[in-house]
Each structure stands twice: as structure tokens, then as C-alpha cells.
2 protein chains.
Amino acid sequence: MMKLSTKGRYGARLMLDLAIHYDDGFVLLKDIAKRQDISEGYMEHLLPHLKAAGLINSLRGARGGYKLAKAPSEISLKEVVQSLEGPLTPAECVVAPSVCKRVSFCVTRDIWKEVGEKISQTLESVTLKDMVEMQKNKGKASLTYNI
Amino acid sequence: MMKLSTKGRYGARLMLDLAIHYDDGFVLLKDIAKRQDISEGYMEHLLPHLKAAGLINSLRGARGGYKLAKAPSEISLKEVVQSLEGPLTPAECVVAPSVCKRVSFCVTRDIWKEVGEKISQTLESVTLKDMVEMQKNKGKASLTYNI
DNA sequence: ATATTTCCTACTAATTTGATAGGAATAGTT
DNA sequence: AACTATTCCTATCAAATTAGTAGGAAATAT
Ligand code: FES
Ligand code: FES
């Protein structure tokens, strides 16, 4: 249905959480899971991908945890989603031409490619820092509403 | 993986095929299936959606078949994909807020919404007529190559 | 040593996707 | 009226993907 899987959605929230706590040193997965209300066990599966993509660092053992490998302003949402969901294209054959026999003359493929590029551009234009700012503003707004 | 399902992909090819044969009256599903190399039985499932969306007309019985309900220039790829895949948004909660408890303060949701709008815009800017033109140009190019 | 935490692997359950099958309803043709 | 060709409808099945759980090994600080 053209949906992101939970990998991408949970991953975005995970990274946003790490960005919010960027100055707090290593953050416990347990705490992220609690704050974001996501199963700790499931979220564990996301971390190797994020690490392989060079987006986070980890330390094990007591006092261990996770933290961003770069400043929030240096990490785009595109990197996050892509590391978890794979290529951001609506059709496999855009990135793996061998899966379709019709690649050489298929018009729809050209369009799927273009759509994928638009998605990439959009996600690339948003950094974790932007998201932290957005979150702060949201917090303010809801406080105002409560007065 | 942020992929379109075969519904959307096959549907786009089906509609392109109908657009190419727009002047030929009712077109047989059998012929579309043969030309596009898609299982006739499976493609059958797509047609009710396209019809419900007012994109095609059908006639049953002998000499029956399918044809576009509007001129190719009046049908955007967005309508086609949307009728088959549902809302063009990367996360369910954008369109059905009740599925997440965090809607009121969730930043990622705002972003998924924006991405969905970009996808919509891109698909909306392409009509079946555009696709037919693209196909013609492809045909020309490949002929040239063969000389 | 001990407690805490990441890391790794295997397994299971649930959902979605892709595909097939059989026949009812409809419309033209003879 | 009988016949043929086609859409239309529903049920079913198989395969693949996604979501989630479990158990324990490896590493690090105290
Ligand atoms: S959809 Fe893959 S080549 Fe057309
Ligand atoms: S992902 Fe649905 S509200 Fe955040």
C-alpha cells in the first residue's frame, strides 16, 4: 500500500529520541523504548542497520547505550529511512533492472524512478535537528493550549 | 520497503495499455494481459477498483471489453495508483489518526504527511497521455538503435 | 566477581500479497 | 432460442513479508 514498514517508522522515532538526548551521553535502549512506547525487543533489530550505516555508536556493558555518531544537523531522515528500508523507490526494477524483462521499453519504470527521487529529496531535506526543533514547537503549542 | 504492490504497478501498465488503444473501442482483457504479460486472472481483480473510481467503462458479453472513461489527458497517474493502493501516504496514521495514540505531538507524522503530499504531486503531474507520448519516444529511440 | 547492557541467532505468529478456480450474469450473433 | 464470448463475483490457496518473542553470548564498568 505504498506504506513504510515499522522499521522505517520506528527507526525515525528512535533516532529523533537519540537526537533529543544528544547531549546526555549514551542512552539506554530501555529508556528509548519506554519513552517511545515501542517494544524493546523489536527495536533491537533496527540498531544493527543504523550502526552499519554509521549513524549511531554503541557501548556495551554497564553504563553503555547508544548515541548518534554525528550531530543531529548532520543526519538526514533519508539516511535513517534508507538504512532501514532499503532503496527509496516504489518499484524494485528501478534499482535492480534484472527483475523485469521490460526494462528497456517500460515507461512506468521511468516514472517510478522519478517518484523515488522526489521521496529522496523530501527526506533528505529534513535533518534530525529540524525534527528536534519541530518537537520543541509542538511542546510549546500544547502547553499554550493548556493555559 | 516503501514499495508499490503489484496492484499499483500492474494497474499503471493496464491503464497505459488502455490509453494506447484509446481509439480502438472496447479492448479485451485477454489482449491487455497478453501485451503486458500479466496474468489475466490476477489483473481481473484490479478492474473493479478502477471502475469504482470512474476511470474505466466496461461492457460485457461478446464484443465487450474495457475502455477509458475519460480522455488519456484527463486521467492522472495519481488517480490510477490511488484507486488501487489507497491513500498515498507512508504511514497509516496520517489518514487515520486513531491508529496512533501519539498523533497530537508526533513530529514524524507531520513529515510522513509531507512526503505523501510530494508523492501525490508527482503522480498528479503525469497523465496517461504523457505516458503514451513517452512510450512513443521510447519506441522511436529503440528503432534508431537497431538501424 | 557481579551487574548491566549491547549483540546475535533462531523461532513463531500474524498479516499482506499474489495467484488460481469456478461459475453467474450479460450482451451480441446466428 | 440457442450459442458464444466476455465481464463480473466470490471463495480459496500459496507464498512472502512483517512484526514480535526468547534465550543466551560477549563486553564493560564498578
Ligand atoms: S515495471 Fe519493471 S520494467 Fe516496467
Ligand atoms: S507515527 Fe503515528 S502518530 Fe507518530
Side-chain angles (χ1 to χ4, degrees), chain A residues 1-14 18 21 24-34 36-53 55-69 81 84-87 90-93 99-100, chain B residues 1-14 18 24-34 36-53 55-69 81 84-87 90-92 99-100:
Chain A
M1 250 219 219
M2 197 56 185
K3 294 279 173 286
L4 232 37
S5 72
T6 56
K7 280 208 199 102
R9 297 200 322 276
Y10 287 2
R13 282 161 61 188
L14 193 172
L18 282 180
H21 297 90
D24 304 356
F26 285 99
V27 177
L28 296 188
L29 178 56
K30 201 194 324 180
D31 292 339
I32 303 176
K34 202 172 297 170
Q36 296 295 326
D37 194 23
I38 296 174
S39 144
E40 186 182 344
Y42 184 67
M43 208 156 46
E44 211 178 293
H45 292 319
L46 313 182
L47 295 156
H49 295 102
L50 294 167
K51 193 168 186 191
L55 301 178
I56 59 173
N57 292 136
S58 60
L59 179 67
R60 25 190 199 175
R63 308 288 271 171
Y66 297 93
K67 68 175 178 181
L68 297 184
V81 174
L84 292 165
E85 303 262 351
E92 195 64 26
C93 63
V99 304
C100 284
Chain B
M1 252 222 218
M2 197 56 185
K3 295 280 171 284
L4 231 37
S5 73
T6 55
K7 280 208 201 103
R9 297 201 321 277
Y10 288 1
R13 282 161 61 189
L14 193 171
L18 282 180
D24 303 355
F26 285 98
V27 178
L28 297 189
L29 179 55
K30 201 194 326 181
D31 293 338
I32 304 176
K34 203 172 296 170
Q36 296 296 325
D37 194 23
I38 296 174
S39 144
E40 186 181 343
Y42 183 66
M43 208 156 45
E44 209 178 296
H45 293 319
L46 312 182
L47 294 155
H49 295 103
L50 295 166
K51 192 167 187 193
L55 301 178
I56 60 173
N57 291 138
S58 60
L59 180 67
R60 24 190 200 179
R63 308 287 271 174
Y66 297 93
K67 68 174 179 184
L68 297 184
V81 173
L84 293 165
E85 303 263 349
E92 195 63 26
V99 304
C100 284

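Any value given below was found using the heavy atoms of this structure, including those in side chains, with hydrogens, waters and symmetry copies removed. Predicted model only: the values in this text are computed from it and were never measured. Chain A is the first sequence line, chain B the second, and so forth, proteins listed ahead of strands; every chain is numbered from 1.
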Rounding to a whole Å, what distance do you find between B:I32:CD1 and D:dT6:C1'?
13 Å
Starting at atom NZ of B:K67, determine the distance to atom P of D:dT7, rounded to an integer number of angstrom.
14 Å
Does B:H49 have any side-chain contact (heavy atoms from CB on, under 4.5 Å) partners at least two apart in sequence or in another chain, and if so, which?
B:L84
Side-chain polar contacts of residues 55-69 of chain A - donor-acceptor pairs under 3.5 angstrom, sequence neighbours left out - could you list them?
{"residue": "A:S58", "atom": "OG", "partner": "A:K51", "partner atom": "NZ", "Å": "2.7"}

Applying side-chain hydrogen bond (donor to acceptor under 3.5 Å, both in side chains), can you list everything that pairs with B:K30, at least two apart in sequence or on another chain?
none
Closer than 4.0 Å, any side-chain N/O of B:K7 to the OP1 or OP2 of C:dT17?
no
Work out which heavy atom in A:S5 is nearest to a heavy atom in A:E85; give both atom names and the distance.
OG-OE2, 2.8 Å
In this structure, how many angstroms lie between the P atom of D:dA5 and the CG atom of B:D31, rounded?
14 Å
For C:dT12, does OP1 or OP2 lie under 4.0 Å from any side-chain N or O of A:Y42?
no
All side-chain contact (heavy atoms from CB on, under 4.5 Å) counterparts of A:D24, not counting sequence neighbours
A:H21
In whole angstroms, how far is the P atom of D:dT7 from the CG atom of B:L14?
11 Å
For residues 39-48 of chain B, which side-chain N or O atoms pair as donor and acceptor with protein atoms under 3.5 Å away, sequence neighbours left out?
{"residue": "B:S39", "atom": "OG", "partner": "B:G41", "partner atom": "N", "Å": "3.4"}
{"residue": "B:S39", "atom": "OG", "partner": "B:Y42", "partner atom": "N", "Å": "3.0"}
{"residue": "B:Y42", "atom": "OH", "partner": "B:T6", "partner atom": "OG1", "Å": "2.8"}

Think B:K51 has a side-chain N or O under 4.0 angstrom from the OP1 or OP2 of D:dC8?
yes
Produce a footprint string for nucleotides 22-30 of chain D: one letter per nucleotide, 5' end first; B if the base is under 4.0 Å from any protein heavy atom, S if only the sugar-phosphate is, - if neither.
----BBBSS
Looking for any heavy atom pair under 4.0 Å, which part of the strands does A:L47 touch: base, sugar-phosphate only, or nothing?
nothing
Between CG of A:L46 and P of D:dT21 the distance, given in whole Å, is 13 Å
Taking all non-hydrogen atoms of both residues into account, name the closest pair between B:A91 and A:R9 and its distance.
CB-CD, 3.6 Å
Whole angstrom value for the distance that separates P of C:dG18 from NE2 of B:H49:
13 Å
Spacing of B:R9 atom CZ relative to C:dG18 atom C1', expressed in whole Å:
11 Å
Below 4.0 angstrom from OP1 or OP2 of C:dT17, is there any side-chain N or O of B:Y10?
no
Whole-Å distance separating the CG atom of A:D37 from the P atom of D:dG20:
11 Å
Ignoring backbone atoms, establish whether A:S5 has a side-chain N or O less than 4.0 Å from OP1 or OP2 of D:dT17.
no
Any B:S58 side-chain nitrogen or oxygen under 4.0 Å from OP1 or OP2 of D:dC8
yes
Taking only the side-chain nitrogens and oxygens of A:S39, find out if one of them lies under 4.0 Å from OP1 or OP2 of D:dA19.
no
